Amino acid sequence: MAAAGWRKWVPGRRAVVVLVVVLAVLAGGGYAAKPLWQPWWYATNVCAGLLSADDLAEVLPTKQLQAAEEEADLAHGRMKCGVNTSDHEFSLMARVESDPGEVDRLLSGEFTIPTPPRFVFPAGIPGFHAGLGHYLVQECPDLGRDSLGRNRRLVTWVNGKWDEKHGTPATLRIAVSLANGAAEKAGCGAPRLPLPQRAVLRPTAVPLEKGGAGCGWLARARLPEKPGGKHWRVIARTDPHAAVTSCALVDGTSGAEYAEFSGWYGDWTDKSFDTLIGANVRLPRGFPDDGQVMTEHFGTAALARCEGESAHWEASSYPDSAGRSLAGRELRPLLVAFARDQAERRGCGRPALPGQRIFPSGR
């Protein structure tokens, strides 16, 4: 009886129209929301489509995002792109530059004060990570030389909020993917960079004889007495062929860094190196600032030419928490040995070396 009383409900025409509209709104809203959280959309729509969705998924936050304003002229080696959060703060920023003036400005902006590179990139990836992000520096033989006779370069810079403390494999892969794509489209002629599968390294201290091309010279240098009784060790922070290199001399007992040696290569370093000297040395009025000076804690050597461009070297040793450091008279011969070794390795001219005079520190 109950079954006989049951009547099948059939929606009326008006109900069908309402249902169709609701479903369409839901479907459209869901589709429209996808760019707010799905990395595939950003991989397709930002940075000329050169980035991987998997890499972006690893570094972008799971929150509402939006594509940054993009400027791209990759045929001429130039691009700005990225991803912003809904409050217009950046989550990913990237730039590619090949114009010599822009390359100089992009690189020199990192080194207005002495900042050693933070990570070492895997072999075959020319660049460094410093306070403002990843920098890849590729030589472009097919672009010839600029109006001043300098080698043309393509610089790729990538920065993101995730880089404030640590690097990730995806961070570097994003930079490499962008650099490879930009170099190909610009006709740069640089060899394709290997896509890294591991994170950037945080190098550890090794014995002097294992310091390689960047630090191995310390094994042959006359070093001060070991402060803690154990042998000195070294930390090679960068590839020895990087645009900015870094090597640290380390106390084998405490692990404290006693001295840092850095080489800077390319005409773009000239202005940055002048700023570096000005921040660390108080020169007497009228004394020529010719690139080679020595204080109790800092020294420079310069004026060599490497493939027609500038090269600079610096050494520093500032007191640690216990007040220990190398004195200027101990640091100077190490700077001299470092500059001579690196100039020979790179086929540079003879470096101009600091004299015996110790100038007041600018700090």
Side-chain angles (χ1 to χ4, degrees), residues 114-121 123 128 130 201-265 269 273 276 280 291-302 304 306 311-320 322-356 358:
T115 305
R118 192 181 304 167
F119 302 128
V120 178
F121 291 160
F128 53 90
L201 306 177
R202 289 162 182 79
T204 57
V206 298
L208 296 178
E209 61 273 14
K210 294 185 179 180
C215 295
W217 60 275
L218 280 163
R220 303 183 300 275
R222 180 176 294 180
L223 297 175
E225 184 178 350
K226 298 180 289 292
K230 290 187 178 181
H231 292 293
W232 290 105
R233 297 172 74 85
V234 293
I235 297 176
R237 291 196 186 96
T238 61
D239 184 282
H241 301 291
V244 178
T245 65
S246 179
C247 170
L249 180 66
V250 177
D251 175 11
T253 301
S254 67
E257 294 185 14
Y258 264 67
E260 193 263 342
F261 304 89
S262 184
W264 300 35
Y265 302 93
T269 65
F273 215 77
L276 183 71
N280 285 273
Q292 58 272 354
V293 292
M294 196 76 217
T295 74
E296 275 298 326
H297 303 293
F298 173 84
T300 63
C306 296
H312 306 271
W313 296 276
E314 63 98 357
S316 59
S317 179
Y318 292 100
D320 62 12
R324 298 171 298 186
S325 66
L326 299 182
R329 59 181 174 78
E330 298 173 309
L331 188 62
R332 181 185 174 277
L334 295 181
L335 170 60
V336 168
F338 170 60
R340 285 175 173 168
D341 176 85
Q342 298 300 294
E344 182 178 354
R345 287 181 183 275
R346 290 199 176 226
C348 305
R350 179 177 295 180
L353 303 169
Q356 299 287 343
I358 303 295

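Given the structure is predicted, the values throughout are model-derived calculations rather than measurements.
Atom OG of Ser262 sits about 5.0 Å away from atom CD of Glu260, to the nearest 0.5 Å. Here the CG-OH distance, from Leu249 to Tyr258, works out to 9.5 Å after rounding to the nearest 0.5 Å. Atom CZ of Phe298 is separated from atom CD1 of Ile358 by 12.5 Å, given to the nearest 0.5 angstrom.
Residue Gln292 comes nearest to Pro354 through the heavy atom pair CB-N, 3.8 Å, listed as atom of the first residue, atom of the second, then distance. Here the closest heavy-atom approach between residue Gly263 and residue Phe338 is recorded as N-CZ, 3.9 Å. Closest of all the heavy-atom pairs between Pro207 and Arg233 is CD-NH2, 3.7 Å. The two residues Leu335 and Met294 come nearest to each other via the heavy atoms CD2-SD, 4.4 Å. Between Ala259 and Leu331, the shortest heavy-atom contact is CB-CD1, 4.2 Å. Here the closest non-hydrogen pair linking Val234 and Gly211 is CG2-CA, 3.9 Å.
Remark: side-chain polar atoms of Ser317 are not paired, donor with acceptor, to backbone N or O of Ser325 under 3.5 angstrom. Looking only at distances, no side-chain donor or acceptor of Arg237 sits under 3.5 Å from a matching main-chain atom of Ser246. Between the side chain of Thr300 and the backbone N or O of Val293, at least one donor-acceptor pair lies under 3.5 Å. Judged by distance alone, with hydrogens and angles left aside, the side-chain atoms of Trp217 form no donor-acceptor pair with the main-chain N or O of Ala339 at under 3.5 Å.
Using cut-offs of 30° and 60° for the angle between ring planes, the Phe273 and His312 rings count as parallel.
For Glu296, the side chain to side chain donor-acceptor pair (under 3.5 Å) criterion is met by no residue, not counting sequence neighbours.
For the pair Thr245/Pro240, no side-chain contact is recorded, criterion being any heavy-atom separation below 4.5 Å from C-beta on. For the pair Gln342/Cys348, no side-chain contact is recorded, criterion being any heavy-atom separation below 4.5 Å from C-beta on.
Every pair passing salt bridge (charged side-chain N to carboxylate O under 4.0 Å, His left out) that includes a residue from residues 341-350 is listed here, sequence neighbours excluded: Arg220-Asp341, Asp341-Arg345. Sorted by first and then second residue, the side chain to side chain donor-acceptor pair (under 3.5 Å) pairs involving residues 329-338 (not counting sequence neighbours) form an empty list.
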> Run the side chain to side chain contact (heavy atoms under 4.5 Å, CB included) check on Leu218 and Leu223 step by step: do they pass?
Replying inline: CA-CA 8 Å; Leu218 280 163; Leu223 297 175; 3.8 Å; yes

> Can you list the steps and then say if Trp313 with Phe261 is a ring pair (Phe, Tyr, Trp, His ring centres under 6.0 Å)?
Replying inline: CA-CA 7 Å; Trp313 296 276; Phe261 304 89; over 10 Å; no

